[in-house]
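Numbers here simply count residues along the sequence, with the first being 1. All values below were derived from every heavy atom in this structure, side-chain atoms included, with hydrogens, water molecules and symmetry-related copies excluded.
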Amino acid sequence: MRKVVHIIPTLQSGGAENVLIRLVEEFKKKGIEQTIITLIGSDKDFLYNKAKSFCKVINIKNNSKIINKELKNEGVIIIAWMYRSILYIHLKQLFLSFKHPIYWNIRHSDFGWFQLIQKVSVFIIGLFSRILKPKIIYCSNKSLKVHTSYFFSIKRARVIQNGLAKKFSKKVSSNNLYDFPYLLFVGRFHPQKGPKYLRKIVIDLFKRNSDYKLIVLGDGWKIDFFPIEIRDKIILLGVKKEIDYLYKNANCLLFTSKFGEGYPNVLVEASYFGTPIVGFNAGDSKEILDEYEYGFEVSKTNHFVNKVEEIIISKKNNKEKKAVIEKQIERLSFSKTVEKYIAFLFS
């Protein structure tokens, strides 16, 4: 019996977490026994119940003996998702003296100019990678490039892009639940997601497109972040499970991250529905957008606004859009991601 232990900080909604859940689901179908250990999460996490439907989920609080037993089992492969998990598992290895293969799953790419502590920390982890010699999974080509510059060992590394991890229904209503045209933003409120750029862009767009509104999906947003004169055009939906129809009926997805992204899942999800996308270069966004007929990379906010306005004016016929969607579904199939994981883990 093949057994994998995944270690991750939480099971809240996020790019890494959604990829993990889908991977666990697909591994289960292939008879791979799995356990998820969360470091700061709880049974209140957004994805906890879904994860528990596929495998055992253990939080470290008051469960140290159970976790030690899991980690001492024979034949275990350990995947540490993100930096906190990497530090945790190597400390555990030091005290428990197990010799299981440990894979680092790196989900970040570059850092903002103000993230000095993070940069120093990653540099130190990079030096340790040369001593510990783990196998490393990077979610993007940009992530591999950046971490190599921080002295991460490249000898046992592999890039495995996420593909389309989120499962969507093939039958999504074309009926718009809103009686107005809208632009869409998907992401939590965080400097990495470029909220100030988003605010500037929509202020300029609404000046010439007064009938449009912006729908925002993600945690942490407050309406008072936007100037009072456009607040009636901003709809904050928080985190939602069912978002298919929002992608399908959006006139354009706005991607305003400029750093910190690895493999931006939101771009892949939007392209699955043939939604036009305008975005800055962050992580592997350029690669995703260049391969997508309705994807457009820009470098400045005024270029961003101009490109969105071009999209608003242009119309795509259904036949053309259907062909583009079919190409994306084939290109981004998650089964390819699963095959690469299995080959790297069990070869």
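When each of Met82, Lys50, Arg107 is tested with Glu17 by the rule side chain to side chain contact (heavy atoms under 4.5 Å, CB included), just one qualifies, namely Met82. For the side chain to side chain contact (heavy atoms under 4.5 Å, CB included) test with Ile201, the passing option among Val305, Asn302, Leu214 is Val305; the others fail.
Looking at Lys166 and Ile243, their side chains come closer than 4.5 Å, going by heavy atoms from C-beta outward. Residues Ile234 and Phe206 are in side-chain contact: their nearest non-hydrogen atoms beyond the backbone lie under 4.5 Å apart. For the pair Ile86 and Ile106, the minimum side-chain heavy-atom distance is below 4.5 Å.
Atom NZ of Lys200 has 12 or fewer neighbouring heavy atoms from other residues, nucleotides or ligands inside a 6.0 Å radius. Remark: Glu229 CD is packed, more than 12 non-hydrogen atoms of other residues, nucleotides or ligands lying under 6.0 Å away. Within a 6.0 Å sphere centred on CZ of Phe151, heavy atoms belonging to other residues, nucleotides or ligands number 12 at most. Around CG of Leu94, the count of heavy atoms belonging to other residues, nucleotides or ligands within 6.0 Å exceeds 12. Annotation: Lys29, atom NZ; neighbour count of heavy atoms from other residues, nucleotides and ligands within 6.0 Å is above 12. Applying the 6.0 Å contact sphere to NZ of Lys327 captures no more than 12 heavy atoms from other residues, nucleotides or ligands. Annotation for Leu91: atom CG counts as buried by contact number, over 12 foreign heavy atoms lying within 6.0 Å. For Arg84, the CZ atom sits in a loose shell: 12 or fewer heavy atoms of surrounding residues, nucleotides or ligands are nearer than 6.0 Å.
Listed here is the closest heavy atom pair of Phe98 and Ile78: CE1-CD1, 3.7 Å.
Judged by the 6.0 Å and 45° rule, Arg199 forms a cation-pi pair with Phe225. By the 6.0 Å and 45° rule, Lys213 stacks over the aromatic ring of Phe180. The side-chain tip of Lys307 points at the ring of Phe296 from less than 6.0 angstrom away and within 45° of straight on.
Of the inter-residue distances, the one linking Thr148 atom OG1 with Ile154 atom CD1 reads 4.0 Å to the nearest 0.5 angstrom. A distance of 4.5 Å separates CD1 in Ile235 from CD1 in Ile215, rounded to the nearest 0.5 Å. Residue Cys139 holds its SG atom at 8.5 Å from CD of Gln161, rounded to the nearest 0.5 Å.
Formation of a donor-acceptor pair under 3.5 Å by the Glu26 side chain with backbone atoms of Val338 is not found in this model. The backbone N or O of Leu47 sits nowhere less than 3.5 Å from a side-chain atom of Ser13 that would complete a donor-acceptor pair. The backbone N or O of Ser153 sits less than 3.5 Å from a side-chain atom of Ser129, completing a donor-acceptor pair.
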Subject >> Stepwise ring pair (Phe, Tyr, Trp, His ring centres under 6.0 Å) check, Phe304 with Phe280 >> reply: CA-CA 8 Å; Phe304 203 120; Phe280 294 128; 5.1 Å; yes
Subject >> Test log, rule side-chain contact (heavy atoms from CB on, under 4.5 Å), inputs His6 and Gln34 >> reply: CA-CA 7 Å; His6 304 275; Gln34 298 166 92; 3.0 Å; yes
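Under the 30°/60° scheme for interplanar angles, the aromatic rings of Tyr83 and His108 are found to lie parallel.
The ring of Phe344 has its center closer than 6.0 angstrom to the ring center of Tyr103. The six-membered or imidazole ring of Tyr150 lies away from that of Phe152, with a centre-to-centre distance of 6.0 Å or more. For Tyr272 and Tyr247, the gap between ring centers reaches or exceeds 6.0 Å. Side-chain rings of Trp104 and Phe128 stay apart, their centers remaining 6.0 Å or farther from each other.
Between the side chains of Lys3 and Thr35, at least one donor-acceptor pair of N or O atoms lies under 3.5 Å.
Among residue pairs with one or both ends in residues 334-347, those qualifying as side-chain hydrogen bond (donor to acceptor under 3.5 Å, both in side chains) are Asn105-Tyr341, Ser333-Ser335; sequence neighbours excluded.
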